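Note on naming: letters A, B, ... go to the chains in the order of the sequence lines (proteins, then strands), and numbering restarts at 1 for each one. Quick caveat: nothing in here was measured; it's all calculated off a predicted structure.
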Protein chains: 2
Amino acid sequence: MATRTDAPTRREQILKEAARLFADRGFHGVGVDEIGAAVGISGPGLYRHFPGKDAMLAELLVGISGRLLTGAKRRLAEADGETSSQILDSLIEGHIDFALDDRPLITLHDRELDRLRDSDRKLVRQLQRQYVELWVQVVREVYPGLAEPTARSAVHSVFGLLNSTPHLGRAGTLPGRGTTAALLHRMARGAFAAAEAESRA
Amino acid sequence: MATRTDAPTRREQILKEAARLFADRGFHGVGVDEIGAAVGISGPGLYRHFPGKDAMLAELLVGISGRLLTGAKRRLAEADGETSSQILDSLIEGHIDFALDDRPLITLHDRELDRLRDSDRKLVRQLQRQYVELWVQVVREVYPGLAEPTARSAVHSVFGLLNSTPHLGRAGTLPGRGTTAALLHRMARGAFAAAEAESRA
DNA sequence: CGTGACTGTTAATGAGCGTTAACCATTTCC
DNA sequence: GGAAATGGTTAACGCTCATTAACAGTCACG
């Protein structure tokens, strides 16, 4: 489990650049030649590493959903003795890290899902669903006033809030990563708390 | 200003169906034949109403941003005597109405902007910017603790929250429009309030 | 040495698709 | 009543683009 210091493999370079390009101009908006050029090889050379353009998108999207889910599961597992509230904070923190560090992937995540083969799309959706349900459980422990459907809607909405980072001005204009992360975190908690205020209206 | 009861014109049918299709499968993912079929005419017949496929997208996106902005301006103008807090509630309500009633447009709004001609994209961005600034002003009146950059980030994030409706399960599974709107409204206010808590940390 | 396995290259193929051309029915209106 | 205007049609063009073919350099290793 050592953190890898190796040079990135060609496959990884391709995936990274493809993610950036897909996020910028959409799956159909990017040609294979362009992806190839981004890693210094040309067009069809990509086919030595992937069976096709679709496969790159599939691997990206499955990878995203998978990493989000396993990350959340890990946080949950490592949390013996912590309060539900602390666990929720940990989930939020993990999601924010992801949103801030992998903006292109976040963008792809809910933009290009429909371009996948049926089987891949099903897989991604299943991973997403598990991730959501995991959040819903924790959220309902922290905010018991939330009925399950309400909690699910609230979770989706908070994802929308956290995933808004791509719209927050390109890199330079942001008030600094830590500040932004803290702001998003507070807002997420505030949104959940306000959601719970329902039953008492 | 009578609410129109007329049958929708062909142009409007086309725009509506195009919006739905673009939102579902992306601008590049939809063919003109398909758009034509959706309104009962076939492929090239569209060119009697629009100079090209791009023009449909442009009109849709400019229309969205324009309606959001003018709606917000109207609410502001009609609000003499109201408190800033009431005005903010009105802005939120307007945005939620839009998000719930025109889901496809919301989706397009931040998904296909890059496919526009430079001039159109500039126009749309300008309208968006005005809309954001208008919110920022009102938000800062209600939550004076918010510095301007923070307020702007918060506004973007709340847009992310409100625009999450497309992800809230297709139509049937929603707990009812009024309930959903109320939930989103509460969460938005809660998020802003929590954002303000910053300077006092 | 030499024979695969790898990783590239360029050229060709073939499908999809936006757009234009050429043509036609219907309505409007002097 | 006839000429525009209007809103369709189908067929053809041309371009983009993913994918495949055919070929070649490099390195590991028996």
**Message:** If you compare all heavy atoms of Ile106(A) against all heavy atoms of Pro166(A), which two are closest, and at what distance to 0.1 Å?
**Reply:** CG2-CG, 4.2 Å
**Item:** Salt-bridge criterion met for Arg177(A) and Asp97(A) (N-O under 4.0 Å)
**Value:** yes
**Message:** With heavy atoms of chain A within less than 4.0 Å as the criterion, where does contact along DNA chain C begin and end?
**Reply:** dT7(C) to dA11(C)
Check: protein-nucleotides 20-28 of chain D nitrogen or oxygen pairs below 3.5 Å:
{"residue": "dA22(D)", "atom": "N6", "partner": "Arg48(A)", "partner atom": "NH2", "Å": "3.4"}

**Interatomic distance, Phe50(A) CZ vs dA18(D) P [rounded to whole Å]** = 15 Å
**Request:** Rounded off to whole Å, could you give me the CD1-to-C1' distance for the Ile14(B) and dG7(D) pair?
**Result:** 10 Å
**Request:** Output all residues satisfying ring-ring contact (aromatic ring centres under 6.0 Å, His included) with Phe159(A), sequence neighbours left out; order by chain, then residue number.
**Result:** His95(A), Tyr131(A), Trp135(A)
**Prompt:** Counting N and O atoms only, with roles assigned by atom type, does the side chain of Arg121(B) sit under 3.5 Å from a partner on the main chain of Leu116(B), one being a donor and the other an acceptor?
**Reply:** yes
**Request:** Provide the full list of salt bridge (charged side-chain N to carboxylate O under 4.0 Å, His left out) pairs with a residue in residues 128-151 of chain B, sequence neighbours left out, each pair given once.
**Result:** Glu133(B)-Arg152(B), Arg140(B)-Glu148(B), Glu148(B)-Arg152(B)
Using atom types as modelled, flag every donor-acceptor pair under 3.5 Å from a side chain in residues 59-67 of chain B to any protein atom, sequence neighbours excluded.
{"residue": "Glu59(B)", "atom": "OE1", "partner": "Arg11(B)", "partner atom": "NH2", "Å": "2.5"}
{"residue": "Glu59(B)", "atom": "OE2", "partner": "Arg11(B)", "partner atom": "NH2", "Å": "2.5"}
{"residue": "Ser65(B)", "atom": "OG", "partner": "Leu61(B)", "partner atom": "O", "Å": "2.9"}

**Asked** Under 4.0 angstrom, heavy atoms only, what part of the nucleic acid is Gly31(A) near: base, sugar-phosphate, or nothing?
**Response** sugar-phosphate
**Message:** Once you apply a heavy-atom cut-off of 4.0 Å, does Gly52(A) come out as touching a base, just sugar-phosphate, or nothing?
**Reply:** sugar-phosphate
**Request:** Would you indicate, yes or no, if dG8(D) has its OP1 or OP2 atom less than 4.0 angstrom from a side-chain nitrogen or oxygen of Arg10(B)?
**Result:** yes
**Request:** Could you check how far NE2 of His49(B) sits from P of dG8(D), rounded to whole Å?
**Result:** 4 Å
**Where Leu162(B) and Ala188(B) come nearest, the two heavy atoms and their spacing** = CD2-CB, 4.2 Å
**Prompt:** Looking across every strand, which nucleic acid part, if any, lies under 4.0 Å from Val39(B) by heavy atom: base, sugar-phosphate, or nothing?
**Reply:** nothing
**Asked** Under the 3.5 angstrom rule, does the side chain of Ser153(B) hit a backbone N or O of Thr150(B) as a donor-acceptor pair?
**Response** no
**Fill in**
Residue pair Gly45(B)/Asp54(A) against DNA chain D: nearer the 5' end by closest nucleotide is Gly45(B)
**Message:** With side chain to side chain donor-acceptor pair (under 3.5 Å) as the test, pick out the partner of Ser90(B) among Arg75(B), Arg74(B), Glu78(B), Glu82(B).
**Reply:** Arg75(B)
**Asked** Within a strict 4.5 Å, meaning less than it, do heavy atoms of the Thr180(B) and Leu183(B) side chains meet?
**Response** no
**Prompt:** Can you tell me how far P of dC17(D) sits from NE2 of His28(A), to the nearest Å?
**Reply:** 12 Å
**Request:** Quickly work out the Asp33(B) CG to dT10(D) P distance and round it to whole Å.
**Result:** 10 Å
**Request:** Give the dot-bracket string for DNA chain D, reading 5' to 3', where a pair is Watson-Crick or G-U wobble with both distances under 3.5 Å, ( ) marks pairs inside the strand, [ ] marks pairs crossing earlier ones, | marks a partner on another strand, and . marks unpaired.
**Result:** ||||||||||||||||||||||||||||||
**Item:** Over all atoms of both residues, closest heavy-atom pair of Arg115(B) and Phe27(B)
**Value:** CG-CD2, 3.7 Å
